[in-house]
Amino acid sequence: MSLHPFVNTLLDWYPQHKRDLPWRNTKDPYIIWLSEIILQQTRVAQGLPYFLRFAENYPKVENLAHAPSEEVMRLWQGLGYYSRARNLHECAKMVVDEFGGNFPENYKELLQLKGVGTYTAAAIASFAFGQTVAVVDGNVFRVLSRYFGISTDIASPAGKREFEDLANMLIPDEFPGTFNQAIMEFGALQCTPKSPDCSECPLRTGCIAFREKKVAELPVKIKKLKIRERYFKYAHITCGDFIVVKKRGEGDIWQGLFDFPMAEIADKSQLKEYLPDFVSELKKLGTLNVEKSSHTYKHILTHQRIFANFVMFVIDPSQIKQLNDWTKASGFQLVESYKLEALGKPRLILKYLNDEK
(Lines give C-alpha, C1' and ligand atoms only; values in the text may rest on other atoms or scores of the structure.)
Protein backbone atom coordinates (compact mmCIF):
# COMPACT_ATOMS: atom_id res chain seq x y z
CA MET A 1 0.00 0.00 0.00
CA SER A 2 1.46 3.36 -1.07
CA LEU A 3 1.23 6.16 1.49
CA HIS A 4 0.72 9.87 0.97
CA PRO A 5 4.09 11.71 0.86
CA PHE A 6 2.92 13.69 3.91
CA VAL A 7 2.59 10.44 5.86
CA ASN A 8 5.92 9.01 4.70
CA THR A 9 7.75 12.21 5.64
CA LEU A 10 6.28 12.24 9.15
CA LEU A 11 7.09 8.56 9.69
CA ASP A 12 10.69 9.20 8.61
CA TRP A 13 10.99 12.32 10.79
CA TYR A 14 9.53 10.88 14.00
CA PRO A 15 12.16 8.27 15.03
CA GLN A 16 14.94 10.83 14.67
CA HIS A 17 13.29 13.66 16.61
CA LYS A 18 10.81 12.18 19.10
CA ARG A 19 11.23 12.93 22.79
CA ASP A 20 11.84 9.98 25.11
CA LEU A 21 8.69 10.13 27.22
CA PRO A 22 7.64 7.36 29.63
CA TRP A 23 4.17 6.82 28.17
CA ARG A 24 5.70 6.11 24.76
CA ASN A 25 7.54 3.05 26.01
CA THR A 26 4.42 1.04 26.86
CA LYS A 27 1.17 -0.29 25.46
CA ASP A 28 -0.45 -0.30 28.90
CA PRO A 29 -3.79 1.50 28.35
CA TYR A 30 -3.82 2.74 31.95
CA ILE A 31 -0.48 4.54 31.60
CA ILE A 32 -1.46 5.92 28.19
CA TRP A 33 -4.84 7.13 29.52
CA LEU A 34 -3.19 8.69 32.56
CA SER A 35 -0.71 10.63 30.41
CA GLU A 36 -3.38 11.82 27.99
CA ILE A 37 -5.67 13.14 30.74
CA ILE A 38 -2.80 14.94 32.49
CA LEU A 39 -1.46 16.44 29.25
CA GLN A 40 -4.78 17.85 28.05
CA GLN A 41 -4.40 21.64 27.93
CA THR A 42 -0.99 21.21 29.56
CA ARG A 43 2.54 21.43 28.17
CA VAL A 44 4.69 18.30 28.48
CA ALA A 45 7.27 20.12 30.63
CA GLN A 46 4.56 21.06 33.12
CA GLY A 47 2.64 17.78 33.00
CA LEU A 48 5.54 15.30 33.19
CA PRO A 49 6.21 15.71 36.95
CA TYR A 50 2.49 15.20 37.65
CA PHE A 51 2.40 12.09 35.49
CA LEU A 52 5.41 10.64 37.32
CA ARG A 53 3.83 11.36 40.72
CA PHE A 54 0.53 9.75 39.76
CA ALA A 55 2.24 6.73 38.19
CA GLU A 56 4.37 6.26 41.31
CA ASN A 57 1.49 6.65 43.77
CA TYR A 58 -1.01 4.70 41.65
CA PRO A 59 0.89 2.17 39.50
CA LYS A 60 -2.36 0.34 38.62
CA VAL A 61 -5.84 1.62 37.88
CA GLU A 62 -7.07 -0.18 41.00
CA ASN A 63 -4.75 1.92 43.16
CA LEU A 64 -6.19 5.12 41.72
CA ALA A 65 -9.78 3.89 41.97
CA HIS A 66 -9.43 3.13 45.67
CA ALA A 67 -7.54 6.32 46.59
CA PRO A 68 -9.29 8.98 48.73
CA SER A 69 -10.55 11.88 46.61
CA GLU A 70 -8.70 14.40 48.79
CA GLU A 71 -5.43 12.60 48.07
CA VAL A 72 -6.07 12.63 44.31
CA MET A 73 -6.88 16.34 44.34
CA ARG A 74 -3.78 17.04 46.42
CA LEU A 75 -1.55 15.30 43.84
CA TRP A 76 -3.25 17.29 41.07
CA GLN A 77 -2.80 20.57 42.95
CA GLY A 78 -1.37 23.35 40.79
CA LEU A 79 -2.14 21.71 37.43
CA GLY A 80 -5.45 23.52 36.97
CA TYR A 81 -8.62 22.36 35.18
CA TYR A 82 -9.63 20.45 38.30
CA SER A 83 -12.66 18.82 36.69
CA ARG A 84 -10.10 16.65 34.87
CA ALA A 85 -8.85 15.34 38.21
CA ARG A 86 -12.37 14.52 39.36
CA ASN A 87 -13.12 12.79 36.05
CA LEU A 88 -9.79 10.94 36.27
CA HIS A 89 -10.79 9.50 39.62
CA GLU A 90 -14.34 8.64 38.51
CA CYS A 91 -13.05 6.99 35.35
CA ALA A 92 -10.65 4.79 37.32
CA LYS A 93 -13.55 3.67 39.54
CA MET A 94 -15.63 2.97 36.42
CA VAL A 95 -12.90 0.84 34.84
CA VAL A 96 -12.58 -1.19 38.04
CA ASP A 97 -16.28 -1.48 38.88
CA GLU A 98 -17.77 -1.92 35.41
CA PHE A 99 -14.92 -3.36 33.33
CA GLY A 100 -13.15 -5.54 35.88
CA GLY A 101 -10.06 -3.33 35.93
CA ASN A 102 -9.46 -3.63 32.18
CA PHE A 103 -9.80 -0.71 29.80
CA PRO A 104 -12.13 -1.33 26.82
CA GLU A 105 -10.10 -2.30 23.77
CA ASN A 106 -11.93 -0.36 21.07
CA TYR A 107 -12.65 3.28 20.30
CA LYS A 108 -16.44 3.22 20.71
CA GLU A 109 -16.37 1.51 24.10
CA LEU A 110 -13.62 3.81 25.34
CA LEU A 111 -15.96 6.75 24.69
CA GLN A 112 -18.25 5.39 27.42
CA LEU A 113 -15.66 6.18 30.09
CA LYS A 114 -16.01 9.28 32.24
CA GLY A 115 -13.98 12.19 30.91
CA VAL A 116 -12.84 10.32 27.79
CA GLY A 117 -13.65 12.22 24.60
CA THR A 118 -12.88 11.51 20.97
CA TYR A 119 -9.24 12.57 21.20
CA THR A 120 -8.39 10.52 24.30
CA ALA A 121 -10.31 7.50 23.03
CA ALA A 122 -8.44 7.65 19.73
CA ALA A 123 -5.10 7.94 21.52
CA ILE A 124 -5.74 4.89 23.74
CA ALA A 125 -7.25 2.86 20.90
CA SER A 126 -4.31 3.49 18.56
CA PHE A 127 -1.39 3.52 21.03
CA ALA A 128 -2.47 0.59 23.21
CA PHE A 129 -4.56 -1.56 20.87
CA GLY A 130 -3.37 -0.67 17.35
CA GLN A 131 -6.74 0.54 16.12
CA THR A 132 -6.73 2.69 12.98
CA VAL A 133 -8.37 5.81 14.40
CA ALA A 134 -6.77 9.25 14.13
CA VAL A 135 -6.16 11.65 16.99
CA VAL A 136 -6.98 15.28 16.36
CA ASP A 137 -5.65 17.80 18.87
CA GLY A 138 -4.32 21.35 18.56
CA ASN A 139 -1.04 20.15 17.08
CA VAL A 140 -2.81 18.05 14.46
CA PHE A 141 -5.17 20.89 13.52
CA ARG A 142 -2.16 23.14 12.97
CA VAL A 143 -0.09 20.70 10.90
CA LEU A 144 -2.99 19.66 8.67
CA SER A 145 -4.36 23.16 8.17
CA ARG A 146 -0.96 24.52 7.10
CA TYR A 147 0.17 21.63 4.92
CA PHE A 148 -3.16 21.21 3.11
CA GLY A 149 -4.07 24.92 3.19
CA ILE A 150 -7.36 24.46 5.06
CA SER A 151 -8.94 27.68 6.33
CA THR A 152 -12.07 26.16 7.87
CA ASP A 153 -12.62 27.37 11.43
CA ILE A 154 -11.23 24.65 13.73
CA ALA A 155 -13.60 25.77 16.52
CA SER A 156 -16.66 24.96 14.41
CA PRO A 157 -18.35 21.53 14.31
CA ALA A 158 -17.89 21.46 10.53
CA GLY A 159 -14.18 22.21 10.92
CA LYS A 160 -13.68 19.48 13.47
CA ARG A 161 -15.39 16.95 11.19
CA GLU A 162 -13.32 18.07 8.19
CA PHE A 163 -10.03 17.64 10.02
CA GLU A 164 -11.06 14.33 11.59
CA ASP A 165 -12.08 12.97 8.18
CA LEU A 166 -8.76 14.06 6.65
CA ALA A 167 -6.70 12.59 9.49
CA ASN A 168 -8.58 9.30 9.30
CA MET A 169 -8.03 9.18 5.54
CA LEU A 170 -4.28 9.66 5.97
CA ILE A 171 -3.62 7.32 8.91
CA PRO A 172 -1.98 4.05 7.78
CA ASP A 173 -3.43 0.71 8.91
CA GLU A 174 0.05 -0.74 9.46
CA PHE A 175 1.16 1.65 12.22
CA PRO A 176 -1.66 3.95 13.35
CA GLY A 177 -0.14 4.62 16.76
CA THR A 178 3.19 5.69 15.31
CA PHE A 179 1.50 8.03 12.82
CA ASN A 180 -0.61 9.63 15.57
CA GLN A 181 2.46 10.14 17.74
CA ALA A 182 4.42 11.49 14.78
CA ILE A 183 1.94 14.16 13.70
CA MET A 184 1.39 15.36 17.27
CA GLU A 185 5.13 15.48 17.94
CA PHE A 186 5.72 17.32 14.67
CA GLY A 187 3.21 19.98 15.70
CA ALA A 188 4.78 20.28 19.14
CA LEU A 189 8.41 20.50 18.01
CA GLN A 190 8.54 21.63 14.38
CA CYS A 191 5.24 23.15 13.19
CA THR A 192 4.87 25.33 16.28
CA PRO A 193 2.11 27.93 16.81
CA LYS A 194 4.46 30.91 16.52
CA SER A 195 7.59 31.40 14.42
CA PRO A 196 8.04 27.83 13.14
CA ASP A 197 11.39 27.17 11.44
CA CYS A 198 9.93 26.57 7.97
CA SER A 199 13.37 26.70 6.33
CA GLU A 200 14.29 23.44 8.10
CA CYS A 201 10.87 21.78 7.75
CA PRO A 202 10.88 18.47 5.86
CA LEU A 203 7.28 19.12 4.75
CA ARG A 204 7.90 22.57 3.26
CA THR A 205 8.00 21.50 -0.39
CA GLY A 206 4.40 20.27 -0.20
CA CYS A 207 3.11 22.76 2.36
CA ILE A 208 0.48 25.10 0.89
CA ALA A 209 0.75 27.59 3.76
CA PHE A 210 4.52 27.86 3.22
CA ARG A 211 4.14 28.25 -0.53
CA GLU A 212 1.40 30.89 -0.21
CA LYS A 213 2.99 32.65 2.81
CA LYS A 214 0.00 31.91 5.05
CA VAL A 215 1.76 30.06 7.86
CA ALA A 216 0.94 32.75 10.43
CA GLU A 217 -2.73 32.79 9.36
CA LEU A 218 -3.41 29.09 9.86
CA PRO A 219 -5.15 27.41 11.52
CA VAL A 220 -8.23 29.64 11.67
CA LYS A 221 -10.02 29.81 15.01
CA ILE A 222 -12.86 32.32 15.05
CA LYS A 223 -14.52 31.48 18.34
CA LYS A 224 -13.64 34.01 21.02
CA LEU A 225 -13.81 33.26 24.71
CA LYS A 226 -15.82 35.59 26.91
CA ILE A 227 -13.64 36.45 29.90
CA ARG A 228 -15.40 37.12 33.20
CA GLU A 229 -13.68 39.17 35.90
CA ARG A 230 -14.27 38.24 39.55
CA TYR A 231 -13.10 39.82 42.80
CA PHE A 232 -12.41 37.65 45.88
CA LYS A 233 -11.78 38.91 49.39
CA TYR A 234 -10.19 36.17 51.49
CA ALA A 235 -9.88 35.95 55.27
CA HIS A 236 -6.79 34.05 56.39
CA ILE A 237 -7.84 33.23 59.96
CA THR A 238 -5.41 31.64 62.40
CA CYS A 239 -5.70 30.73 66.06
CA GLY A 240 -2.60 29.31 67.68
CA ASP A 241 -1.69 26.20 65.68
CA PHE A 242 -5.03 26.13 63.85
CA ILE A 243 -6.29 27.68 60.64
CA VAL A 244 -9.77 28.11 59.15
CA VAL A 245 -10.38 26.60 55.70
CA LYS A 246 -13.32 26.01 53.42
CA LYS A 247 -13.90 23.11 51.03
CA ARG A 248 -15.27 24.43 47.77
CA GLY A 249 -18.56 22.93 46.65
CA GLU A 250 -20.15 22.14 43.32
CA GLY A 251 -21.22 24.64 40.70
CA ASP A 252 -18.11 26.83 40.63
CA ILE A 253 -14.38 26.74 40.02
CA TRP A 254 -12.03 24.60 42.11
CA GLN A 255 -14.69 22.10 43.20
CA GLY A 256 -13.40 19.82 45.95
CA LEU A 257 -10.32 21.95 46.72
CA PHE A 258 -9.69 23.95 49.88
CA ASP A 259 -9.32 27.70 50.21
CA PHE A 260 -10.14 30.22 52.94
CA PRO A 261 -13.40 31.90 53.98
CA MET A 262 -14.16 34.33 51.18
CA ALA A 263 -16.62 36.93 50.00
CA GLU A 264 -17.03 37.84 46.34
CA ILE A 265 -17.66 41.49 45.58
CA ALA A 266 -18.69 43.33 42.43
CA ASP A 267 -16.38 46.35 42.54
CA LYS A 268 -12.64 45.89 42.03
CA SER A 269 -11.91 49.37 43.45
CA GLN A 270 -13.31 48.26 46.83
CA LEU A 271 -11.30 45.05 47.05
CA LYS A 272 -8.55 46.31 49.37
CA GLU A 273 -10.87 48.07 51.84
CA TYR A 274 -13.77 45.63 51.87
CA LEU A 275 -14.26 43.30 54.84
CA PRO A 276 -16.63 40.31 54.59
CA ASP A 277 -19.74 40.35 56.76
CA PHE A 278 -18.50 37.34 58.72
CA VAL A 279 -15.66 39.44 60.13
CA SER A 280 -18.14 41.20 62.42
CA GLU A 281 -19.15 37.77 63.74
CA LEU A 282 -15.50 36.95 64.35
CA LYS A 283 -15.12 40.06 66.46
CA LYS A 284 -17.78 38.76 68.83
CA LEU A 285 -15.57 35.81 69.72
CA GLY A 286 -13.07 37.97 71.58
CA THR A 287 -9.62 39.25 70.75
CA LEU A 288 -9.21 39.64 66.98
CA ASN A 289 -6.10 41.22 65.50
CA VAL A 290 -5.77 42.23 61.87
CA GLU A 291 -2.24 41.09 61.13
CA LYS A 292 -1.86 42.39 57.58
CA SER A 293 -3.43 42.77 54.17
CA SER A 294 -1.85 41.37 51.03
CA HIS A 295 -1.39 42.97 47.65
CA THR A 296 -3.97 42.12 44.99
CA TYR A 297 -3.29 38.82 43.26
CA LYS A 298 -4.29 38.26 39.65
CA HIS A 299 -5.06 34.69 38.62
CA ILE A 300 -6.03 33.85 35.04
CA LEU A 301 -8.25 30.91 34.11
CA THR A 302 -9.58 29.95 30.69
CA HIS A 303 -12.88 31.82 31.05
CA GLN A 304 -12.23 33.91 34.13
CA ARG A 305 -9.83 36.46 35.50
CA ILE A 306 -9.65 36.39 39.32
CA PHE A 307 -8.47 39.34 41.43
CA ALA A 308 -7.95 38.42 45.09
CA ASN A 309 -6.92 40.18 48.26
CA PHE A 310 -6.09 38.38 51.51
CA VAL A 311 -6.40 39.74 55.03
CA MET A 312 -4.81 37.79 57.87
CA PHE A 313 -6.71 37.67 61.15
CA VAL A 314 -5.15 36.33 64.33
CA ILE A 315 -7.48 35.13 67.09
CA ASP A 316 -6.24 34.63 70.61
CA PRO A 317 -5.75 30.89 71.37
CA SER A 318 -8.04 31.23 74.40
CA GLN A 319 -10.96 31.59 71.97
CA ILE A 320 -10.28 28.27 70.19
CA LYS A 321 -13.52 26.61 71.36
CA GLN A 322 -15.66 29.58 70.29
CA LEU A 323 -13.86 29.68 66.95
CA ASN A 324 -14.43 25.96 66.42
CA ASP A 325 -18.14 26.39 67.09
CA TRP A 326 -18.28 29.35 64.71
CA THR A 327 -16.51 27.51 61.89
CA LYS A 328 -18.93 24.59 62.11
CA ALA A 329 -21.95 26.89 62.11
CA SER A 330 -20.54 28.86 59.16
CA GLY A 331 -19.72 25.87 56.96
CA PHE A 332 -15.95 26.21 57.41
CA GLN A 333 -13.41 23.82 58.96
CA LEU A 334 -10.81 24.37 61.67
CA VAL A 335 -7.70 22.32 60.95
CA GLU A 336 -4.24 22.10 62.44
CA SER A 337 -1.89 24.28 60.42
CA TYR A 338 0.50 21.45 59.54
CA LYS A 339 -2.37 19.56 57.89
CA LEU A 340 -2.92 22.38 55.39
CA GLU A 341 -0.03 21.06 53.30
CA ALA A 342 -1.87 17.78 52.68
CA LEU A 343 -5.06 19.46 51.43
CA GLY A 344 -5.59 20.11 47.74
CA LYS A 345 -5.57 23.87 47.11
CA PRO A 346 -6.03 26.14 44.06
CA ARG A 347 -2.84 27.60 42.63
CA LEU A 348 -3.94 31.05 43.79
CA ILE A 349 -3.92 29.90 47.42
CA LEU A 350 -0.55 28.18 46.94
CA LYS A 351 0.96 31.36 45.59
CA TYR A 352 -0.32 33.39 48.51
CA LEU A 353 0.94 30.85 51.07
CA ASN A 354 4.35 30.68 49.40
CA ASP A 355 4.60 34.48 49.58
CA GLU A 356 3.78 34.31 53.29
CA LYS A 357 6.66 31.96 54.10
Side-chain angles (χ1 to χ4, degrees), residues 1-29 31-45 47-48 51 106-107 110 117-150 154 159-160 162-211 215 218-219:
M1 174 183 173
S2 61
L3 301 177
H4 193 287
F6 171 84
V7 177
N8 279 325
T9 301
L10 285 179
L11 293 177
D12 288 341
W13 176 90
Y14 181 63
Q16 304 171 50
H17 297 88
K18 66 177 181 178
R19 290 167 290 183
D20 184 18
L21 300 171
W23 48 86
R24 288 183 174 156
N25 302 320
T26 180
K27 289 191 177 295
D28 183 344
I31 295 298
I32 293 167
W33 163 78
L34 185 63
S35 70
E36 293 299 335
I37 298 299
I38 288 175
L39 292 176
Q40 287 173 14
Q41 299 168 297
T42 305
R43 293 175 293 105
V44 168
L48 179 57
F51 167 82
N106 67 75
Y107 175 75
L110 285 163
T118 55
Y119 165 77
T120 306
I124 300 170
S126 63
F127 302 159
F129 304 116
Q131 278 205 303
T132 308
V133 55
V135 298
V136 180
D137 68 349
N139 289 318
V140 176
F141 277 128
R142 188 166 57 257
V143 174
L144 293 179
S145 67
R146 287 174 175 171
Y147 185 86
F148 292 97
I150 303 172
I154 64 173
K160 184 179 180 184
E162 181 177 354
F163 282 95
E164 285 180 344
D165 288 346
L166 175 58
N168 278 302
M169 180 188 73
L170 292 166
I171 188 171
D173 292 327
E174 298 93 329
F175 13 74
T178 303
F179 173 77
N180 281 337
Q181 293 277 21
I183 191 171
M184 289 193 297
E185 191 77 334
F186 192 83
L189 301 181
Q190 176 65 46
C191 194
T192 53
K194 296 180 180 179
S195 304
D197 187 3
C198 294
S199 64
E200 296 297 324
C201 178
L203 289 174
R204 67 185 181 279
T205 55
C207 179
I208 293 176
F210 177 71
R211 186 166 64 243
V215 172
L218 296 174

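Nothing here was measured: the structure is a model prediction, and the numbers come from that model.
In this structure, the separation between CD on E162 and CZ on F141 is 10.0 Å, given to the nearest 0.5 Å. Rounded to the nearest 0.5 Å, atoms OG1 (T9) and CG (L203) are 5.5 Å apart. Here CG of D165 is found 12.0 Å from NZ of K160. Values are rounded to the nearest 0.5 Å. From N168, atom CG reaches atom OG1 of T132 across 9.0 Å, with rounding to the nearest 0.5 Å. To the nearest 0.5 angstrom, I124 atom CD1 is 11.0 Å from Q131 atom CD. With rounding to the nearest 0.5 angstrom, the CZ atom of R19 is 6.0 Å from the CZ atom of R24.
No side-chain heavy atom of S126 sits under 4.5 Å from any side-chain heavy atom of Y107. Taking the side chain as every heavy atom from C-beta outward, V215 and C198 approach each other to under 4.5 Å. No side-chain heavy atom of W23 sits less than 4.5 Å from a side-chain heavy atom of L34. Two residues are said to be in side-chain contact when any heavy atoms from C-beta on lie closer than 4.5 Å; F210 and S199 fail this criterion. By the 4.5 Å heavy-atom criterion applied to side chains, V140 and M184 are counted as neighbours. Between Q190 and V143, every side-chain heavy-atom pair lies at or beyond the 4.5 Å cut-off. Side-chain contact between Q181 and K18 is absent, with no heavy atoms from C-beta onward closer than 4.5 Å. Side-chain contact between R142 and P193 is present, with at least one heavy-atom pair separated by less than 4.5 Å.
Of all heavy-atom pairs between I154 and P219, the closest is CG2-CB, 3.9 Å. In terms of heavy-atom proximity, F179 sits nearest to L10 at CE1-CD1, 4.0 Å. Closest approach of A167 to L144, counting heavy atoms only: CB-CD1, 4.1 Å. Between G177 and F127, the closest heavy-atom pair is O-CE2, 3.4 Å. A pairwise comparison of heavy atoms in F51 and P22 identifies CE2-CG, 3.5 Å as the closest pair. Between A188 and N139, the shortest heavy-atom distance links the atoms N-OD1, 3.5 Å.
H4 and F6 have perpendicular rings, their planes meeting at more than 60° on a 0 to 90° scale where under 30° would count as parallel.
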task: Start with the C-alpha distance between F129 and N106, add both sets of side-chain angles, then the distance that settles side-chain contact (heavy atoms from CB on, under 4.5 Å), and finish with yes or no.
output: CA-CA 7 Å; F129 304 116; N106 67 75; over 6 Å; no
task: Check the pair Y147 / I208 against side-chain contact (heavy atoms from CB on, under 4.5 Å), numbers first and verdict last.
output: CA-CA 5 Å; Y147 185 86; I208 293 176; over 6 Å; no
message: What verdict does the side-chain contact (heavy atoms from CB on, under 4.5 Å) test give for V44 and L21, after you've listed the backbone C-alpha separation in whole Å, the side-chain angles of each residue and the deciding distance to 0.1 Å?
response: CA-CA 9 Å; V44 168; L21 300 171; 4.0 Å; yes
task: List the steps, then state whether side-chain contact (heavy atoms from CB on, under 4.5 Å) holds for T118 with V136.
output: CA-CA 8 Å; T118 55; V136 180; over 6 Å; no
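D28 pairs with exactly one of I31, N25, I32 by the side chain to side chain contact (heavy atoms under 4.5 Å, CB included) rule, that one being I31.
Between the side chains of T120 and Q40, at least one donor N or O sits under 3.5 Å from an acceptor N or O. Checking T178 against N180 by side-chain atom types alone, no donor-acceptor pair falls below 3.5 Å.
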